[in-house]
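Notes follow the structure.
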Amino acid sequence: MTTIEQRLPGAGTAGRRWIADWRPEDRTFWEETGARVARRNLAFSIFSEHIGFSVWSLWSVLVLFLGPAYHVDPAGKFLLTTVPTALGAALRLPYTFAIARFGGRNWTMFSAALLLIPAVSAAVLIRPGVSFTTLLVLAAVAGVGGGNFASSMANINAFYPQRLKGWALGINAGGGNIGVAVVQLVGLAVLATAGRDHPRLVAGIYIPFIVLAALGAALRMDNLAGMRNDKRAMRDVVKDPHSWIMSLLYVGTFGSFIGFGFAFGQVLQVQFTADFDTPIKAAYLTFLGPLLGSLIRPVGGWAADRLGGARVTFWNFVAMGIGAAIVLTASAERSLPLFLTGFVLLFVLSGVGNGSTYKMIPAIFRAKAPTEEEGRRLSSALIGVAGAIGAFGGVLVNLAFRQSFLTYKTGDGAYVAFIAYYVLCSAVTWAVYLRRSPRRLPGV
């Protein structure tokens, strides 16, 4: 097959494009045509994933609007940010395998259009007097945005050669992650202009951007015909102990990022009530951590490409433990500047760790698998598994904060738990991937 793009028999409508010949590891192919096509798909994948993250994180902003007229206490608000995190995590597995089943372009178009459901329903139904049950349902539906990350990462993983995966996956994920910060900036803009009585505007603003994401995927993205769902891939990958080790590490990196992103505004309002007595005061700061964590994620992938994913991940978890210790100290001393410093550090480090851990996944199976194709097959499956389990880390973060505030009236219990987890992750990374041993995998 000499052509790069062709329409396959039975592929569907005339505008639907399938790529039948894709050889990213062939440098001549890559330099002549592959890189250009991959960059185009990467750009539109990032935009769609970005909007998905914003919709997924929508309720981290909307809870700031829920004043006395909504009769929702702090524990209830933490629950409203927990349910979309949970549904988004659960959807990551089927979304990962949807790419091979339906095609990257087709699924990106569909999953982007699906975001209209949570955006339109929130824009129509949120108003004083609405029941808490209705709010829970609206929040849960926003979880569909969480699945977009997994399908986008699986798609881009197939487009890029091994030597560029760390960079490409980091750029793709970072561009999506930044949606957490952007939706918080949108919330800040609405609070500053229309006031806290108009939460529906936040959801409404995203409706035209969702339409643009779906149209962009339809018009400018491609399907890779060579992608196939191997029914044994999931079974094989869950039997491999490295899959569970990487899932454990990803809980510590991405779970921290998304969990802190959902909870940070509420934590500020509950723990430093005097300083953040109005939602707009909290909104001025909540975007900063997710923004920096998103921007730094490609740096984590870039550093892992050059220094090794395991080495970057190990030192990153050591630093995350120090960051959590700073937050704990600031909480005990009631020091807002130190508290903000520690949390921003945690956001930044979680972004670096997101990039480095995702680089480790293909490197592990490149070292273990007998063929390049086998390594790619298992890597794609593990990206889905680790992405789903890692996102459940965000659920645990929100539940930890909820329980800590209910029990101790502060987040101290949660901060101690975070420190312990980061120490565990650094120890596991060293023991499995860095310690000199006959079983150590080269190149991880």
Scan side-chain atoms only and decide if [X] and [Y] contain a donor-acceptor pair under the 3.5 Å cut-off.
X	Y	answer
Ser152	Tyr95	no
Ser379	Asn157	no
Ser356	Asn316	no
Ser60	Ser57	no
Thr313	Thr429	no
Thr410	Gln271	no

Between atom [atom1] of [X] and atom [atom2] of [Y], what is the distance when rounded to the nearest 0.5 Å?
X	Y	atom1	atom2	answer
Thr329	Phe339	OG1	CZ	11.5 Å
Leu136	Thr82	CG	OG1	10.0 Å
Leu212	Ser48	CG	OG	11.5 Å
Ile156	Lys165	CD1	NZ	10.0 Å
Arg17	Met221	CZ	CE	10.0 Å
Leu307	Trp315	CG	CH2	13.0 Å

Heavy-atom pair of closest approach, residues [X] and [Y]:
X	Y	answer
Leu224	Trp22	CD2-CG, 3.9 Å
Ile46	Gly175	CG2-CA, 3.8 Å
Ala203	Ala122	CB-CB, 3.8 Å
Thr81	Thr85	O-OG1, 2.7 Å
Gly255	Val397	O-CG2, 3.8 Å
Phe418	Ala400	CE2-CB, 4.3 Å

Yes or no on side chain to side chain donor-acceptor pair (under 3.5 Å) for Asn172 and Ser45, after CA distance, side-chain angles and deciding distance? CA-CA 7 Å; Asn172 188 58; Ser45 174; 3.2 Å; yes
A side-chain contact here means heavy atoms from C-beta on lying under 4.5 Å apart; do [X] and [Y] qualify?
X	Y	value
Phe53	Val182	no
Pro74	Phe405	no
Leu64	Gln269	yes
Pro290	Asn177	no
Tyr421	Val251	yes
Val83	Trp59	no
Phe317	Leu249	yes
Leu382	Phe365	yes

Look at the side chain of [X] and the backbone N and O of [Y], then say whether any donor-acceptor pair between them is shorter than 3.5 Å.
X	Y	value
Asn106	Phe102	yes
Asn223	Gly104	yes
Arg297	Gly293	no
Arg92	Gly387	yes
Arg40	Arg220	yes
Asp412	Tyr408	no
Thr341	Pro337	yes
Thr273	Val270	yes

Looking only at the aromatic ring of each residue, does the gap between the centers of [Y] and [X] stay below 6.0 angstrom?
X	Y	answer
Tyr70	Phe65	no
Phe287	Phe347	no
Tyr160	Trp30	yes
Phe260	Phe343	yes

With side-chain hydrogen bond (donor to acceptor under 3.5 Å, both in side chains) as the rule and sequence neighbours excluded, what pairs involving residues 186-210 come up? Ser54-Tyr206
My understanding is that only one of Val267, Asp73, Val63 makes a side-chain contact (heavy atoms from CB on, under 4.5 Å) with Phe78; could you say which? Val267
Scan Leu346, Val344, Leu340 and name whichever one has a side-chain contact (heavy atoms from CB on, under 4.5 Å) with Phe264. Leu340
Please step through side-chain contact (heavy atoms from CB on, under 4.5 Å) for the pair Asn41 and Val37, ending with a clear verdict. CA-CA 6 Å; Asn41 280 270; Val37 174; 3.7 Å; yes
I'd like to know whether Lys359 forms a salt bridge (charged side-chain N to carboxylate O under 4.0 Å, His left out) with Asp305, so could you lay out the CA-CA distance, the side-chain angles of the two residues, the decisive distance to 0.1 Å, and finally the verdict. CA-CA 7 Å; Lys359 169 61 179 178; Asp305 281 337; 3.0 Å; yes
Given the rule in the side-chain contact (heavy atoms from CB on, under 4.5 Å) test, do Leu125 and Val130 qualify, once you have shown the distances and angles that lead to the verdict? CA-CA 8 Å; Leu125 296 176; Val130 66; 5.5 Å; no
I'd like to know whether Val180 forms a side-chain contact (heavy atoms from CB on, under 4.5 Å) with Phe257, so could you lay out the CA-CA distance, the side-chain angles of the two residues, the decisive distance to 0.1 Å, and finally the verdict. CA-CA 10 Å; Val180 179; Phe257 174 84; 4.0 Å; yes
Applying salt bridge (charged side-chain N to carboxylate O under 4.0 Å, His left out), run through Asp222 and Arg105 and close with a yes or a no. CA-CA 5 Å; Asp222 304 288; Arg105 166 198 176 273; over 6 Å; no
Given the rule in the side-chain contact (heavy atoms from CB on, under 4.5 Å) test, do Ile361 and Tyr250 qualify, once you have shown the distances and angles that lead to the verdict? CA-CA 11 Å; Ile361 290 174; Tyr250 202 57; over 6 Å; no
Plane angle bin for Phe254 and Phe149 - parallel if under 30°, tilted between 30 and 60°, otherwise perpendicular: parallel
Just checking Phe209: does its CZ atom have more than 12 heavy atoms from other residues, nucleotides or ligands closer to it than 6.0 angstrom? no
